[in-house]
Amino acid sequence: MSAPQAQDLPEHPDEAGTARASGPARAHPPAAKVTEREARRVAEDAREQDWHRPSFAKELFLGRLRLDLIHPHPLPAGEDVRRGEEFLSRLRAFCLSHVDGALIEREARIPDEVIAGLKKLGALGMKIDPKYGGLGLTQVYYNRALALAGSASPAIGALLSAHQSIGVPQPLKMFGTQEQKDTFLPRLASTDISAFLLTEPDVGSDPARLATTAVPDGDDYVLDGVKLWTTNGVVADLLVVMARVPEGPDHPGGITAFVVEADSPGITVEHRNAFMGLRGIENGVTRFHGVRVPAAHRIGPEGAGLKIALTTLNTGRLSLPAMCVGVGKWSLKIAREWSAVREQWGRPVARHEAVGAKISFIAATTFALEAVVDLASQMADEDRNDIRIEAALAKLYGSEMGWRIADELVQIRGGRGFETADSLAARGERAVPAEQMLRDMRINRIFEGSTEIMHLLIAREAVDAHLKVAGDLIDPEKPLADKARAGAAAAGFYARWLPKLVAGPGQLPGSYPEFRPAGHPDLSHHLRYAERAARRLARSTFYAMSRWQGRMETKQGFLGRTVDIGAELFAMSAACVRAELLRGQGEHGREAYQLADAFCRQATLRTEELFGRLWANTDNLDRRVVDRVLAGAYTWLEEGVIDPSGDGPWIADATPGPARGENARRPYN
């Protein structure tokens with residue numbers, strides 16, 4: 001891996017520091033210590049509180065399989081298809097002729113000429129309106145483009161996704177002023193790369209402790225702080241920065257979003273990070289020291305930063321599972337070709353049941369992942385449904401299943417799956433980068449919300465209806481009068497809701513007749529199972545809330561399993577609807593039904609296991625073991641090994657102040 005090229009510091013850093021010091025007085029506290037309740041309050045305030053449009057997934061968690069919200073499968077407009085397919089054709093040709101994924105992996109950098117070609121192609125502006133110089137692609141075709149580019153090089157997929165899914169374009173599109181759009185979107189569509197800066201060395205998924213400050217000073221804000229894991233941050237031209245504005249006269253304060261020029265005085269990329277995978281991404285540590293940002297560059301009002309970030313992610317999260325779909329497609333191709341050639345005991349390995357089961361899993365799951373992503377993306381384009389849960393489920397399910405697909409491919413390839421592509425080529429075999437794909441895919445279970453955080457986020461949305469009517473009832477800090485009112489409201493809600501969970505279409509053999517066409521596998525019984533399972537899931541959630549009440553939020557194992565059940569049911573529904581769409585269009589309908597049938601049968605087994613583990617698990621025992629581990633009771637078990645870790649603090653010092661080294665920022669020419 002080549003070392004990043006650092007740029008020189010400003011010629012007169014002392015003068016710059018002196019000039020900045022004449023500005024407002026600034027406090028530089030470390031990440032704040034906040035209570036668990038305060039942290040929850042900040043997260044809750046950032047949520048979209050109301051549901052103005054229907055949601056298939058929300059209804060699913062309430063025990064209602066609202067198939068009418070997704071079937072018939074929504075379709076893009078003809079002009080959107082024409083424009084999207086035309087761009088995909090040009091992007092494919094460019095990737096085949098100009099992108100060398102192996103070179104990017106070896107050098108840990110996307111060549112400047114590739115970036116220049118992507119800019120010329122319009123790839124930076126895929127989601128930006130044509131009136132600002134963008135391509136105006138739909139979410140469906142944007143995701144397909146990311147899957148295509150990401151298959152050529154996962155680093156390119158990550159760069160384009162970070163730029164448009166969570167970078168400057170999307171929050172400006174949704175929350176920016178017209179002046180901001182006119183100023184920045186033309187640049188972002190053609191020349192400027194953007195990055196999103198929220199995480200800090202001691203602040204991850206708990207933004208209540210955000211330490212970066214933005215102090216008002218006349219017509220400006222002055223930013224101080226350190227941001228970690230800034231994807232695209234090393235090469236970015238424009239940044240979305242989340243910083244805390246202190247309360248004061250005419251300033252409500254709170255976490256606020258800003259568009260910041262990356263070459264502003266006082267911004268230093270202190271380090272370009274290196275990872276086990278995605279070696280070509282330009283991810284770094286960025287320091288802000290007395291950085292002046294015009295108030296006109298603030299996105300939305302003060303205090304709206306987290307809400308802007310979460311709302312942006314409602315659709316932005318779809319880019320990650322889209323690239324997981326690309327990995328699934330590639331893995332299926334390699335598994336098919338390799339397993340037909342490699343022989344063991346007189347037969348191709350694909351004909352051995354142990355290997356064949358893995359290939360079946362890859363094929364069926366890839367079909368389902370594409371169904372989930374395309375369905376959620378088309379719903380995002382139509383803007384008729386609230387897809388916040390659907391997008392989160394797509395991210396969660398896509399990252400987990402995509403990782404399993406990549407892992408199964410390595411297992412199918414055996415020793416060759418563990419061997420690098422360069423080593424395979426050097427000894428005369430096809431350079432299949434299976435081990436690289438596994439490394440590259442691992443981050444998806446952490447990016448844009450780890451699996452554990454996604455479980456909690458989705459669970460919170462899934463129980464929203466319950467908390468709206470019974471929240472005060474289970475809140476130990478609420479007075480008795482509030483509890484009494486909540487009890488009356490809850491009684492009325494559950495009197496209407498619970499009887500609906502007793503019976504439904506899933507118990508009627510004739511339900512969903514359009515999903516059992518002659519000559520095809522019968523998918524109707526899978527939908528009937530999904531309907532019954534949705535009601536069963538809702539009953540389980542109600543029982544858990546009745547049992548644990550205010551302690552429900554601590555039962556993360558239970559909540560995670562309920563979310564995983566919902567994800568399986570959503571994927572089953574999407575797979576069936578997609579199969580029927582393809583059958584109606586005459587495009588591989590029979591094969592689609594076969595894949596949907598296989599997937600649903602596999603998903604049913606996983607779902608039944610999850611249902612069993614709702615109540616039969618080791619959660620309580622695990623907590624006791626953890627308590628003993630943290631108390632040092634098992635340190636004897638750690639003896640007999642050598643710790644190869646280096647010295648140093650677990651979390652780097654992020655005290656605000658001037659830069660401590662050279663600037664590693666390297667903008668593309």
Inset, instruction - Look at atom OH of Tyr634 and say whether more than 12 heavy atoms of other residues, nucleotides or ligands are closer to it than 6.0 Å. - result: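 Counting neighbours around OH of Tyr634, more than 12 heavy atoms of other residues, nucleotides or ligands fall under 6.0 Å, so yes.
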Legend entry - Over 12 non-hydrogen atoms of neighbours within 6.0 angstrom of CZ in Arg628: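 No, the 6.0 Å shell around CZ holds no more than 12 heavy atoms from other groups.
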[X]: what forms a side-chain contact (heavy atoms from CB on, under 4.5 Å) with it, not counting sequence neighbours?
X      : answer
Thr315 : Lys127, Gln139, Gln170, Ala380, Ile387
Glu105 : Arg279, Gln436, Arg439
Thr256 : Val245, Phe258, Arg298, Glu302
Ala145 : Phe87, Leu88, Leu91, Met126

Legend entry - Test side chain to side chain donor-acceptor pair (under 3.5 Å) applied to Ser360 - qualifying residues, sequence neighbours left out: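 If we apply the side chain to side chain donor-acceptor pair (under 3.5 Å) test to Ser360, skipping adjacent residues, the hits are Gln602.
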Inset, instruction - Using the test side chain to side chain donor-acceptor pair (under 3.5 Å), find all partners of Ser55 that sit at least two apart in sequence or belong to another chain. - result: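 Ser55 satisfies side chain to side chain donor-acceptor pair (under 3.5 Å) with Glu390 once adjacent residues are dropped.
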Only counting residues at least two apart or in another chain, list the ones meeting salt bridge (Lys or Arg N to Asp or Glu O under 4.0 Å) with [X].
X      : value
Glu419 : Arg427
Asp422 : Arg106
Arg317 : none
Asp386 : Arg388

Inset, instruction - Could you label the plane-to-plane angle of the Trp548 and Phe558 rings as parallel, tilted or perpendicular, counting under 30° as parallel and over 60° as perpendicular? - result: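 Correct class here is perpendicular.
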Inset, instruction - Kindly state each residue pair satisfying salt bridge (charged side-chain N to carboxylate O under 4.0 Å, His left out) with at least one member in residues 160-172, sequence neighbours excluded. - result: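 Residue pairs passing salt bridge (charged side-chain N to carboxylate O under 4.0 Å, His left out), neighbours aside: none found.
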Inset, instruction - Give every residue pair that meets the salt bridge (charged side-chain N to carboxylate O under 4.0 Å, His left out) criterion with at least one member in residues 362-372, sequence neighbours excluded. - result: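 Every pair satisfying salt bridge (charged side-chain N to carboxylate O under 4.0 Å, His left out) with a residue in residues 362-372: Lys329-Glu370, Glu370-Arg578.
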Inset, instruction - For Tyr141 and Ser377, run side chain to side chain donor-acceptor pair (under 3.5 Å): C-alpha distance rounded to whole Å, both residues' side-chain angles, the deciding distance at 0.1 Å, then the answer. - result: CA-CA 9 Å; Tyr141 276 98; Ser377 299; over 6 Å; no
Inset, instruction - Examine the side chains of Asn663 and Thr268 and answer whether a donor and an acceptor come within less than 3.5 Å of each other. - result: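 The answer is no; no qualifying pair exists.
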